[in-house]
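Below, chain A is the first sequence line, B the second, and so on; all start at residue 1. Heavy atoms only: backbone and side chains are in, while hydrogens, waters and symmetry mates are out.
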2 protein chains.
Amino acid sequence: MGDRTGIKVFAPASVANLGVGYDILGLCLNDIGDEIIVRKGKKPGLHIKTIYKNKSLSKDIKKNTAGYAAYRLLESLNLTEEPIEIDLFKNMSIGTGLGSSAASAVAGVFGVNSFLGSPYTKAEILRFATEGEQVADGSFHADNVAPSLLGGIILIRDNESLDWTKLPTPRGLLACVIYPKVQVLTSESRAILSENVSLDSVIAQTGNLATFVAGLFKSDFDLIKKSMTDHIIEPQRAHLIPHFAEMKKQALACDALGFSISGAGPSMFALCNNTIIAENIAEKAQQLYSDQGIECECFISEINPQGAIKY
Amino acid sequence: MGDRTGIKVFAPASVANLGVGYDILGLCLNDIGDEIIVRKGKKPGLHIKTIYKNKSLSKDIKKNTAGYAAYRLLESLNLTEEPIEIDLFKNMSIGTGLGSSAASAVAGVFGVNSFLGSPYTKAEILRFATEGEQVADGSFHADNVAPSLLGGIILIRDNESLDWTKLPTPRGLLACVIYPKVQVLTSESRAILSENVSLDSVIAQTGNLATFVAGLFKSDFDLIKKSMTDHIIEPQRAHLIPHFAEMKKQALACDALGFSISGAGPSMFALCNNTIIAENIAEKAQQLYSDQGIECECFISEINPQGAIKY
């Protein structure tokens, strides 16, 4: 009954911005992410058959991040009439600040590319994935899509040309991710940002950013720790996240290398250089948000070096 | 007749900002720079005996960058009454944009520290050198002083705390420096800068800066070349330097990795990865400025790894 053969891919969650790298830095997480099954379809063209775990997402290829990313790939291969069917396992909630729409877009295009026998490399499908994510939030930027697809810590030099570089991950670097279940709209989180930045803040931020990059290359946790203060974005967005200041204070008291907002929030992340510190921070977060009656999920992740994978 | 024994030190010129690193990056040049002879004095305290090659500089310790830097060192050692005499060979013109006052300040403090048997390390005298340079231009920043003292390519994370990191120099990296003999006042060059920067420019600049740093660590000249466009400072200052746009165009046509203003100007620099390119740029510069009736000096320098030295 039907063609049950197919392939399954996983595209991970990601943390964008990393405090000092607004719109240019992102890192890839382990374990959480979206999955897609791709199989031969029964009628011409690409179709989303089932979306599991989320009732609100559109199955219209052009309105779905996974579908549109895959569709752009098929267009470039002149294969839009190829009968392909996909199921999306939308494991991640939407609006977490952990690259949920990026993970779907990556899963969609990486899944269909893999199904077709990988006519393109991962680097070559980055543009389609970014176009897919654009369906969700309207802007063309790759600071979630690139790490989800490529793994590691990714620097996007320029979003338009999608010129990226993978930065080294120091051995032992961990992210502790804290997701308080409150709503922060990405659109609001973007709209709130001032169009201008003081030159003094630029100097402070660039000094930190350059030192952060040097710290990654040198595996120097002291450099990383000194450089993780965001002078530009976090001060403008912190008030959107309940108890951000208190949570940050506690994370730094636990000896996090740094703590900031993940993407547009409400998730936050701490970078740590050992699991005990990360576990302590997660425990503090659970306590703090539970005391405030806010549901909160925490997880600890190494930096995922692989990105999207085919099972 | 008198005590003729003494020591002689050399502190090199430097290129600050490097386009994408306003107030945070600088590199150390070879060959040109200021020299100081330090010897036992005939009366208590630090005295400048002779300043060669410049009639306008004050010999008053507190008004001379070399003198004041050395004085601050002596203060911290409780040696302000020690009889010390210095001669300054002011080889560099003032107002070149090549860290002339920084070289004097470094020579002063490094010379006196060496004369005293090096009670401090180079890193420890950076603050005194920076205080010395502050006499000349009023602001406390180390993007010339640090490379002149320490050598190499220096990243200043934070000017106030003088937190610095030496970045790697890719083998074969050269600077071609072009100094058209016109006056650009540092004070004017600073005053002209807008206090605000658009967030879009910040994103573009930070993407380039982080990639430039990655390029240095990876010895990747392609990354360096892609990342050397300054979106913030150069567009505001370029008009202060005659024929900047034409000179830049010619340097890039010669295959420079990048081209921008050295410090506050009027000097310019091209980074290159071979001597033929650097020589071609120097030749073009001589031609261009000579055609315009502007005297111009060019020189080609490796990145000086040592910084200030004692002969």
Side-chain angles (χ1 to χ4, degrees), chain A residues 17-18 20-25 139 141-143 153-168 190 193-220 222-233 236, chain B residues 17-18 20-25 139 141-143 153-168 190 193-220 222-233 236:
Chain A
N17 298 349
L18 303 184
V20 293
Y22 178 66
D23 262 12
I24 65 163
L25 289 178
S139 76
H141 59 101
D143 51 351
I153 304 173
I154 302 285
L155 161 64
I156 315 286
R157 190 188 66 79
D158 175 51
N159 275 291
E160 200 177 330
S161 59
L162 292 179
D163 183 13
W164 60 273
T165 306
K166 192 179 276 203
L167 301 177
R190 287 214 160 230
L193 297 176
S194 168
E195 281 174 30
N196 287 299
V197 181
S198 75
L199 184 57
D200 286 342
S201 300
V202 173
I203 297 167
Q205 189 90 339
T206 51
N208 278 345
L209 169 66
T211 304
F212 181 76
V213 173
L216 294 178
F217 274 96
K218 296 171 82 161
S219 288
D220 183 329
D222 286 337
L223 281 187
I224 292 171
K225 188 167 189 171
K226 284 195 286 192
S227 64
M228 280 192 66
T229 301
D230 171 10
H231 293 268
I232 296 178
I233 305 299
Q236 299 182 70
Chain B
N17 299 347
L18 303 184
V20 292
Y22 178 66
D23 263 11
I24 66 163
L25 289 178
S139 75
H141 59 100
D143 52 351
I153 303 173
I154 302 286
L155 162 63
I156 314 285
R157 190 188 65 78
D158 174 51
N159 275 290
E160 201 178 328
S161 59
L162 292 179
D163 183 14
W164 61 273
T165 306
K166 192 179 275 202
L167 301 176
R190 287 215 159 229
L193 297 177
S194 168
E195 280 173 31
N196 287 297
V197 181
S198 76
L199 184 57
D200 286 343
S201 299
V202 173
I203 296 167
Q205 189 89 340
T206 51
N208 278 344
L209 169 66
T211 304
F212 180 76
V213 173
L216 294 178
F217 274 97
K218 296 171 80 161
S219 288
D220 183 330
D222 286 337
L223 281 187
I224 291 170
K225 188 168 188 169
K226 283 196 287 193
S227 64
M228 280 193 65
T229 302
D230 171 11
H231 292 268
I232 297 179
I233 304 299
Q236 298 183 70

Let me know if B:Ile233 has heavy atoms under 4.5 Å from chain A in its side chain, its backbone, both or neither. side chain

Could you please state which residues from residues 153-163 of chain A sit under 4.5 angstrom from chain B, measuring non-hydrogen atom to non-hydrogen atom, sorted by number, or 'none'? A:Leu155, A:Ile156, A:Arg157, A:Asp163

How close do B:Leu167 and A:Ala214 get, heavy atom to heavy atom, and via which atoms? CD2-CB, 4.0 Å

Most chain B-contacting option - heavy-atom pairs closer than 4.5 Å, from A:Val213, A:Thr211, A:Leu216: A:Thr211

Given a strict heavy-atom distance threshold of 4.5 Å, which part of B:Ile232 is in contact with chain A: side chain, backbone, both, or neither? side chain

So which part of B:Ser194 gets closer than 4.5 Å to some heavy atom of chain A, the side chain, the backbone, both or neither? backbone

A:Ile24 and B:Ala210: which non-hydrogen atoms are nearest, and at how many Å? CD1-CB, 4.4 Å

Value rounded to 0.5 Å, distance of CG in A:Asp23 from CD1 in B:Ile203: 4.0 Å

Given the options B:Ser198, B:Ser227, B:Gly207, B:Ser201, which has more heavy-atom pairs under 4.5 Å with chain A than any of the others? B:Gly207

Take A:Lys218 and B:Thr165 through the test side-chain contact (heavy atoms from CB on, under 4.5 Å) and record every step on the way to the result. CA-CA 11 Å; A:Lys218 296 171 82 161; B:Thr165 306; 3.5 Å; yes

Largest heavy-atom contact set with chain B, pairs under 4.5 Å, which of A:Lys226, A:Gln205, A:Glu195: A:Lys226

Less than 4.5 Å to any heavy atom of chain B: does that hold for the side chain of A:Leu193, its backbone, both, or neither? side chain

Relative to chain A, which segment of B:Leu199 carries a heavy atom at a distance below 4.5 Å: side chain, backbone, both, or neither? both

If one checks every heavy atom of A:Val197 against chain B at 4.5 Å, the contacting part turns out to be both

In chain order, what residues pass the ring-ring contact (aromatic ring centres under 6.0 Å, His included) check against A:Phe217, with sequence neighbours excluded? B:Phe217

